[in-house]
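Below: one structure, written as structure tokens.
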Amino acid sequence: MNQGVHLTGLDQSELVSFVEQLGVPAYRGRQIFAALQNRRLRNFDNMTDLPKELRARLTQVASASTLTVESRYVSEDGTRRYLMRTHDNLPVETVFIPEERRDTICFSSQSGCPLQCTFCLTAQLGLLRSLTAGEIVEQIIVALNDTYGVGVKPPRGTNLVGMGAGEPFLNFDSLLKALRIMASLEGLHIVPNRVTVSTAGVVPRILDLANVPDRPHLAISLAAPTDELRNELMPINKKWPLEELLSACKEFEKTLRPGERFTFEYVMLRDVNDSEEQARQLANLLNRYGLQAKVNLIPHNPADPLPYQPSSEEKVVLFRSILEAKGIHTFVRRPRGRDIFAACGQLAAKQGATNQVIGSLPAGTSLSA
Ligand code: SAH
């Protein structure tokens with residue numbers, strides 16, 4: 001595996017400085033940025049607009065890709081899950097979800113996750129490590145290249161959600177850097193307004209995000225209407241309980257601009273958090289803080305080692321109607337890619353989970369240019 005600086009994680013001005021240090025004119029830096037981010041090339045050899053000597057030099061001191069695709073799973077509903085490996089052999093999972101008018105790519109911010117949410121399979125991996133900005137950007141490049149062809153402009157818009165493995169707010173700087181790189185007009189041009197980042201409730205970073213000028217939309221994973229239950233389901237609640245979390249949300253809400261979305265995610269676990277009483281508690285809680293935010297109900301995506309079942313459809317409908325009656329806009333999320341373990345909470349480098357594997361690749365193969 002090629003070592004050296006991973007150029008996919010540099011913004012345009014950093015790339016310019018990088019080539020200048022090699023004694024190469026600045027415009028070559030801009031050219032390389034466009035080759036990586038706009039033409040989505042993952043190999044210097046394919047950057048034929050660069051002089052041969054420069055390509056050879058870059059190969060020695062840098063890399064244009066570090067992730068390798070180990071397996072790709074394709075769902076009945078068109079969702080694709082990629083299991084990739086970092087240069088140090090850690091799993092990274094990315095999900096591509098086609099929709100009629102736009103595509104959504106769900107990326108991971110960490111390999112594994114340190115939070116121990118009891119309903120999430122990724123938790124069972126523990127934290128392996130946080131991903132670099134380049135590793136975050138590369139996930140999107142791999143998914144787009146695989147779906148549409150190397151460098152081909154996607155026919156629909158691309159939305160991103162930071163809801164894959166890991167806690168994005170425990171990797172805040174790399175996350176924001178990756179989003180900045182991807183927003184570039186000379187690159188992928190996926191602007192923050194097309195991105196939603198989900199946190200389990202890292203309160204200080206919610207407050208930090210309030211001061212970020214070009215920020216993504218925010219989602220908060222709630223999963224319970226009381227501290228007692230939330231402590232059990234999401235142990236991070238012991239560090240930042242509901243009162244601190246919702247106060248931070250209120251602060252954040254004050255900084256919302258027109259068109260910005262701010263949502264709560266509530267995974268529906270049968271007989272655990274889906275009763276009528278809990279719906280009322282949830283509505284009262286959000287109303288007590290005067291939060292205008294919307295609630296997304298996510299049917300639990302089951303997995304063998306997890307001790308939960310999804311709520312019945314009737315329960316979800318009833319829960320929703322109670323929230324709505326108390327003035328809370330509520331949506332029910334349709335699970336995607338469950339059959340290939342691509343749905344929320346199912347990412348844990350699971351292999352052979354399905355007979356739908358298409359294009360399983362030998363380790364070390366890259367789906368790149
Ligand atoms: N750590 C971040 C982002 C990853 S989880 C966070 O907690 O927000 C992304 C979403 O998936 C969260 O809203 C989480 O509650 C939800 N989720 C986790 N496990 C799930 C499961 N088994 N079924 C359905 N949703 C799940």
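Atoms considered below: every heavy atom in the structure, side chains included; atoms not considered: hydrogens, waters and symmetry mates.
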Check whether any side-chain heavy atom of [X] sits under 4.5 Å from a side-chain heavy atom of [Y], and report yes or no.
X      : Y      : answer
Pro192 : Arg215 : no
Arg28  : Pro51  : yes
Leu36  : Val137 : no
Leu209 : Val212 : yes
Leu229 : Gln278 : yes
Val202 : Trp240 : yes
Ile141 : Thr8   : yes
Gln31  : Leu50  : yes

To the nearest 0.5 Å, what is the distance between [atom1] ([X]) and [atom2] ([Y])?
X      : Y      : atom1 : atom2 : value
Glu93  : Ser111 : CD    : OG    : 8.5 Å
Leu207 : Asn211 : CG    : CG    : 8.5 Å
Phe252 : Leu218 : CZ    : CG    : 4.5 Å
Lys294 : Leu286 : NZ    : CG    : 12.5 Å
Lys326 : Ser321 : NZ    : OG    : 12.0 Å
Leu144 : Thr158 : CG    : OG1   : 5.0 Å

Carboxylate-amine/guanidinium proximity below 4.0 Å for [X] and [Y]:
X      : Y      : value
Asp49  : Arg39  : yes
Arg129 : Glu135 : yes
Asp227 : Arg230 : no

> Would Phe169 and Asp208 satisfy side chain to side chain contact (heavy atoms under 4.5 Å, CB included), going step by step from the backbone distance to the final call?
Replying inline: CA-CA 10 Å; Phe169 281 12; Asp208 287 346; over 6 Å; no
> After noting the C-alpha distance and the side-chain angles of Phe172 and Val197, does the key distance pass the side chain to side chain contact (heavy atoms under 4.5 Å, CB included) rule?
Replying inline: CA-CA 11 Å; Phe172 198 63; Val197 173; over 6 Å; no
For [X], I'd like to know if atom [atom1] has over 12 heavy atoms of other residues, nucleotides or ligands within 6.0 Å.
X      : atom1 : value
Arg194 : CZ    : no
His189 : NE2   : yes
Arg334 : CZ    : no
Gln116 : CD    : no

Mark yes or no for whether [X], through its side chain, and [Y], through its backbone, hold a donor-acceptor pair below 3.5 Å.
X      : Y      : answer
Gln110 : Asn171 : no
Thr79  : Ile97  : no
Lys315 : Arg270 : no
Ser108 : Ala165 : yes
Gln281 : Pro225 : no
Asn273 : Val267 : yes
Thr330 : Ile328 : yes
Asn145 : Arg40  : yes
Arg80  : Phe96  : no
Glu99  : Arg101 : no

Any link between [X] and [Y] through a network of hydrophobic side chains (Ile, Leu, Val, Met, Phe, Trp, Tyr) touching at under 4.5 Å?
X      : Y      : value
Leu58  : Val5   : yes
Val142 : Val152 : yes
Tyr266 : Val316 : yes
Val19  : Leu54  : yes
Leu7   : Leu22  : yes

Identify the heavy atoms of [X] and [Y] that sit nearest to each other, and give their distance.
X      : Y      : result
Ser174 : Ala133 : O-CB, 3.6 Å
Ile105 : Ala143 : CD1-CB, 4.1 Å
Ala64  : Asn43  : CB-N, 3.8 Å
Ala200 : Leu115 : CB-CD1, 3.5 Å
Gly112 : Thr122 : C-CG2, 3.9 Å
Glu138 : Leu67  : OE2-N, 3.2 Å

>> Please identify which of these residues, Asn159, Thr196, Asn193, meets the side chain to side chain donor-acceptor pair (under 3.5 Å) condition with His217.
In response: Asn193
Using only heavy-atom distances, determine whether the side chains of [X] and [Y] contain a donor-acceptor pair under 3.5 Å.
X      : Y      : value
Thr118 : Tyr308 : yes
Ser109 : Glu167 : no
Glu186 : Ser184 : yes

> Taking the six-membered ring for Trp, are Phe262 and Phe264 parallel (under 30°), tilted (30 to 60°) or perpendicular (over 60°)?
Replying inline: tilted
> After noting the C-alpha distance and the side-chain angles of Ile181 and Ile136, does the key distance pass the side chain to side chain contact (heavy atoms under 4.5 Å, CB included) rule?
Replying inline: CA-CA 10 Å; Ile181 293 171; Ile136 294 175; over 6 Å; no
> Is the charged tip of Arg55 near the ring of Phe44: under 6.0 Å from the six-membered ring centre and within 45° of its axis?
Replying inline: no
> Leu242 and Leu222: side chain to side chain contact (heavy atoms under 4.5 Å, CB included), yes or no, with the steps?
Replying inline: CA-CA 9 Å; Leu242 282 170; Leu222 218 44; 3.9 Å; yes
